[in-house]
Amino acid sequence: MSDVYTMGEALGVVSSGRVRHDSEARLDVGGPEFTLAIALARLGHRVSFLGKVGADELGARITTVLRGEGVDVSDIREDGTAPTGLLLKESRVGHDPRLTDYRIRSAGSRLSPGNVPIDRIAASRLLHVTGVTPALGLDPRDAVETAVGAAMTAGVPVSMAVDYRPALWPSLSEAEEVLGALARRSSVLFVRQDELDLVKPALTADREVVVTRGAKGASVRSGGVRYDAPALSVPVVDTMGAGEAFVAGYLSALLDELTPQERLARGTMLGAAAVTSASDWQGLPTRAELGSGIRTS
């Protein structure tokens, strides 16, 4: 039995300055669900990851990292006919990194409903999905919908991070339709301030809606009461991965049956830890570090 079952595309990440001028780069692996899985595993939760990787070195590295972090990789499938996807991240002073995806016809984009283990999802405490995977194509979209349907049938709560990536969607209207439908099937919904209009029909009182506002902190409305948490002031190395780390911290506290205010606090702490590292996930804390207080300055 997993505490959290999640699914998506993990891919290689190449980080550099301006590619046309820089002669050095950093190789890592990542992805929103990948980062979340590691964050939760480091906090002592049992996590299972579903995805496809290529029969290549990047695919092997992804599986090796997840397994080494204690994530259950039983459902990762290797596709010998497609490569592992790649993300190019160019740093820019004073701005978020410029991202370029190389994931068309990647192994991860071939995730299909037939890969979804209904029984393992039904035996989990929580299913977490993001809006990134449904944007990768019809098969990944159907896979997410199959997983969500299996969870709902089994009475397993569904958590969703909207995570709208405009470059991955054919149109805003299609994203609004697909993400809105998934959001309305979730029990816990994570949405950025600028995504609120995208899933407006899902912002109802019967759903736990967590709104993140970057440097302005985060809020949640629970039991008719709104709770707020300020962002922590920390040295920022790279902002990528902060959103996924926040979600992981919040879900960890939810699984630990903590109060809404404590959930926000743990999410904020993990988000702060993520931005102090060049990697989306390597700077994330363990349960022991979380218990003793994480140094964030």
Side-chain angles (χ1 to χ4, degrees), residues 6-38 49-67 71 73 75-93 95-112 115 129-144 161-172 174-175 178-179 237-245 274 277-282:
T6 191
M7 58 193 295
E9 180 176 27
L11 61 170
V13 180
V14 175
S15 303
S16 179
R18 292 178 64 86
V19 169
R20 69 177 65 185
H21 301 303
D22 211 329
S23 60
E24 297 182 353
R26 180 180 185 275
L27 177 63
D28 200 356
V29 286
E33 300 89 354
F34 174 97
T35 298
L36 176 127
I38 290 176
F49 182 90
L50 166 64
K52 282 188 172 181
V53 296
D56 48 36
E57 289 303 300
L58 280 176
R61 180 166 175 169
I62 287 165
T63 305
T64 299
V65 168
L66 287 172
R67 183 184 294 115
V71 177
V73 296
D75 295 329
I76 289 185
R77 298 292 178 259
E78 187 178 277
D79 189 329
T81 65
T84 302
L86 191 67
L87 178 68
L88 177 62
K89 181 170 67 173
E90 296 179 84
S91 60
R92 300 182 296 170
V93 177
H95 298 278
D96 288 336
R98 177 185 288 113
L99 306 178
T100 306
D101 289 290
Y102 297 91
R103 62 207 305 175
I104 296 176
R105 293 186 290 276
S106 66
S109 68
R110 295 187 176 189
L111 189 66
S112 67
N115 301 130
V129 298
T130 77
V132 176
T133 306
L136 301 180
L138 292 179
D139 278 349
R141 185 178 306 174
D142 289 344
V144 171
V162 175
D163 208 353
Y164 171 55
R165 311 281 179 97
L168 298 179
W169 288 94
S171 67
L172 174 60
E174 184 172 330
V178 174
L179 297 179
V237 176
D238 192 319
T239 57
M240 277 192 63
E244 293 79 26
S277 170
S279 170
D280 292 6
W281 57 273
Q282 291 181 22

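Each residue takes its place number in the sequence, starting with 1.
- Atoms CG and CD, on Leu87 and Glu9 in that order, are 10.0 Å from each other to the nearest 0.5 Å.
- Formation of a donor-acceptor pair under 3.5 Å by the Ser16 side chain with backbone atoms of Glu90 is not found in this model.
- Note: Asp280 CG to Lys89 NZ = 5.0 Å, rounded to the nearest 0.5 Å.
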From CA spacing to verdict: side-chain contact (heavy atoms from CB on, under 4.5 Å), Asp139, Arg110: CA-CA 7 Å; Asp139 278 349; Arg110 295 187 176 189; over 6 Å; no
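- Although no hydrogens or angles enter the test, the distance criterion places no donor-acceptor pair under 3.5 Å between the side chain of Lys52 and the main chain of Asp79.
- Atom OG of residue Ser91 and atom CG of residue Asp22 lie 7.5 Å apart, to the nearest 0.5 angstrom.
- Separation of atoms CZ (Arg98) and CG (Leu88) is listed at 9.5 Å; rounding is to 0.5 Å.
- Between Arg165 and Asp163 a salt bridge is recorded (basic side-chain N to carboxylate O distance below 4.0 Å).
- For Val178 against Pro134, the heavy-atom pair with the smallest separation is CG1-CB, 4.1 Å.
- A donor-acceptor contact shorter than 3.5 Å links the side chain of Asn115 to the backbone of Ser112.
- Across Ser106 and Ala82, no two heavy atoms sit closer than the pair C-CB, 4.0 Å.
- Residue-environment remark: CD (Glu57) stays at or below the threshold of 12 foreign heavy atoms within 6.0 Å.
- The backbone N or O of Val29 lies less than 3.5 Å from a partner atom in the side chain of Trp281, making a donor-acceptor pair.
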Worked check of side-chain contact (heavy atoms from CB on, under 4.5 Å) between Glu33 and Leu50: CA-CA 9 Å; Glu33 300 89 354; Leu50 166 64; over 6 Å; no
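- A heavy-atom distance below 4.5 Å is not found between the side chains of Val73 and Ile62.
- The shortest side-chain heavy-atom distance between Asp75 and Arg77 falls under the 4.5 Å cut-off.
- Closest heavy-atom contact between Ser109 and Arg103: OG-O, 3.8 Å.
- Residues Thr63 and Glu78 have side chains not in contact (no heavy-atom distance under 4.5 Å, counting atoms from C-beta outward).
- When every heavy atom of Ala274 is checked against every heavy atom of Ala242, the shortest pair comes out as CB-CA, 3.9 Å.
- Of all heavy-atom pairs spanning Pro32 and Val132, the tightest one is CG-CG2, 4.1 Å.
- When the shell of 6.0 Å around CZ of Arg105 is examined, it contains 12 or fewer heavy atoms from other residues, nucleotides or ligands.
- The distance from the OG1 atom of Thr84 to the CG atom of Leu11 is 8.5 Å, given to the nearest 0.5 Å.
- Of all the heavy atoms in Asp56 and Gly59, the pair that sits closest is OD1-N, 2.8 Å.
- Proximity of Asp28 to Ser15: side-chain heavy atoms (C-beta onward) are nowhere separated by under 4.5 Å.
- The shortest distance between side-chain heavy atoms of Val13 and Met240 does not fall below 4.5 Å.
- Once rounded to the nearest 0.5 Å, the distance linking CG of Leu179 with OG1 of Thr130 reads 9.0 Å.
- Between Tyr164 and Leu172, some side-chain heavy-atom pair lies under the 4.5 Å cut-off.
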